[in-house]
Amino acid sequence: MNAITNQGAGYRFNGLPHLEDYLGWREMVRDPQPKGCIGALQGGLLDLLNLRPTDVKVSDICRGLSAIPRYNGQTDCSKWGGVKGRIWTVSDHSVVAFEFAKKLSVILGLPQPRAYLYAAYTLLHDAPEYIIGDIVSPLKELLKPFISKLEDGLARSVHISFGLPAEPDEEMATLIKLADEVMLLVESVAIRPGFEHYEMRITEQSRWLLRNLAFSHPDRIEDLLTVNPRLEISAAEKMGAALDEILAYPLVAQNVVNIADIVSQSDAAEDMPGPSMET
């Protein structure tokens, strides 16, 4: 006997009425999911073109980024002591870039709150990917300029949700790019067999900064470039701990971010209340 029968006005699941109730066919037809939205477990429906900072949740970021492989999964973590099949994720990359930023802040003598901002922005530099996934660079080039505009808008909302200015200044953006590209170099040598010379893809500015650091701080460069991947810890746990760390960073009173001022910087967050960082 067929599980589904035609009953004139519609279809019924024979012996499985709960499925019909669960699927809610008529409700789905009347109220389809809005276009341009994607669902998150804690944040609900997220509008890709108008992400509200209040919908950005730490738990969604951890879950999303820890499930997304870097380089389309074409990595081998065995050189770093990873178990067979361990995939290097966007969370893993974000955390090692975060650690690099903290070490570089000490070398450069960045004052607070600038050192805090550098570390926080670096940890979140790929955060929009928890919504849209990791788009590999060659494809991203083909999708410009739309994909850049989309990522920039999502990044602004994520920054605001963490109490950061919507966008880093130019100098900060340069340092963030340096952390991202240096970790790309380290990853290429360590976990991407055949891509040892991928450094040719990094920007000339990052190469110049790295050479300058090597000359000006020869005793610190080895430690700066040393990565502790901590593969024995899950990607989600590492990302969660790092996010908790930036949320706990103290800021001196005169530099505490005023969320009302920040919200006014973002069209996407206009008239929105302060952010909620519930997990």
Side-chain angles (χ1 to χ4, degrees), residues 58-107 119-141 151 175-203 206-207 209-211 213-214 217-246:
V58 168
S59 57
D60 289 336
I61 294 176
C62 290
R63 179 183 294 270
L65 296 187
S66 63
I68 300 172
R70 285 272 287 175
Y71 315 109
N72 276 352
Q74 305 304 307
T75 55
D76 177 7
C77 294
S78 61
K79 187 174 180 180
W80 273 343
V83 297
K84 185 177 181 180
R86 171 67 156 86
I87 296 297
W88 189 249
T89 70
V90 175
S91 281
D92 291 313
H93 167 76
S94 298
V95 172
V96 294
F98 172 62
E99 297 297 336
F100 173 92
K102 290 193 293 183
K103 290 189 287 187
L104 183 58
S105 293
V106 174
I107 293 174
Y121 278 127
T122 300
L123 180 62
L124 298 171
H125 77 278
D126 281 335
E129 294 178 9
Y130 94 92
I131 302 174
I132 60 175
D134 182 21
I135 303 173
V136 292
S137 297
L139 178 57
K140 192 176 291 188
E141 287 295 323
E151 286 185 324
L175 292 177
I176 296 166
K177 187 70 172 177
L178 176 65
D180 184 26
E181 295 194 329
V182 167
M183 288 305 101
L184 182 147
L185 291 182
V186 173
E187 291 165 357
S188 296
V189 171
I191 59 175
R192 304 188 68 204
F195 284 83
E196 291 82 358
H197 301 292
Y198 199 64
E199 64 270 14
M200 298 306 296
R201 292 287 304 275
I202 74 171
T203 61
S206 289
R207 278 204 295 271
L209 287 171
L210 195 56
R211 286 196 299 266
L213 283 168
H217 301 279
D219 57 328
R220 310 288 290 277
I221 194 69
E222 182 176 354
D223 177 65
L224 180 64
L225 299 180
T226 299
V227 169
N228 180 8
R230 295 186 295 161
L231 294 175
E232 73 282 1
I233 305 173
S234 75
E237 287 180 290
K238 286 191 294 185
M239 190 67 181
L243 289 169
D244 286 342
E245 185 176 336
I246 67 170

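Just so it is clear, the model here is predicted, and its values are computed rather than measured.
Taking the six-membered ring where tryptophan is involved, the planes of Trp80 and Trp88 are tilted, since the angle between them lies from 30° to 60°.
Looking at every heavy atom in both residues, Phe98 comes nearest to Ile246 through CE1-CG2, 3.6 Å. Closest of all the heavy-atom pairs between Leu65 and Tyr130 is CD2-N, 3.3 Å. A pairwise comparison of heavy atoms in Cys62 and Leu243 identifies SG-CD1, 3.6 Å as the closest pair. The two residues Ser66 and Thr89 come nearest to each other via the heavy atoms O-CG2, 3.3 Å. Taking all atoms of both residues into account, the shortest heavy-atom contact from Leu123 to Ser94 is O-CB, 3.6 Å. In this structure, Ile87 and Asp92 approach most closely via the heavy-atom pair O-OD2, 3.7 Å.
In this structure, Arg86 places its CZ atom where more than 12 heavy-atom neighbours from other residues, nucleotides or ligands lie under 6.0 Å away. The environment of NZ in Lys103 is crowded: more than 12 heavy-atom neighbours from other residues, nucleotides or ligands sit within 6.0 Å. For Glu232, the CD atom is densely surrounded, since the number of other residues' heavy atoms within 6.0 Å is greater than 12.
With rounding to the nearest 0.5 angstrom, the OG atom of Ser91 is 10.0 Å from the CD atom of Glu129. The CZ atom of Arg63 lies 12.5 Å from the CD1 atom of Ile68; values are rounded to the nearest 0.5 Å. Note that CG of Leu224 is 11.5 Å distant from CG of Asp219, once rounded to the nearest 0.5 Å. The line from NE2 of His125 to CD1 of Ile176 is 9.0 Å long, rounded to the nearest 0.5 Å. If you take CG on Asp180 and CG on Leu175, they are separated by 12.5 Å, rounding to the nearest 0.5 Å. The line from CZ of Arg220 to CD1 of Ile107 is 5.0 Å long, rounded to the nearest 0.5 Å.
Side-chain atoms of Thr226 and Asp223 form no donor-acceptor pair, as typed in the model, at a separation below 3.5 Å. Judged by distance alone, the side chains of Thr75 and Glu187 never bring a donor and an acceptor atom under 3.5 Å apart.
Counting heavy atoms from C-beta on, the side chains of Val186 and Phe100 never come closer than 4.5 Å. Counting only heavy atoms from C-beta outward, the side chains of Leu210 and Leu185 approach each other to under 4.5 Å. Counting heavy atoms from C-beta on, the side chains of Met183 and Arg70 never come closer than 4.5 Å. Using a 4.5 Å heavy-atom threshold, the side chains of Leu178 and Leu213 count as touching.
Under the 3.5 Å distance criterion, the side-chain polar atoms of His93 are left unmatched by any main-chain donor or acceptor of Val90. Between the side chain of Asn72 and the backbone N or O of Gln74 there is no donor-acceptor pair closer than 3.5 Å. Side chain of Glu151 to backbone of Pro128: no donor-acceptor contact under 3.5 angstrom is found. In this structure, the side chain of Lys238 engages the main chain of Pro229 through a donor-acceptor pair within 3.5 Å.
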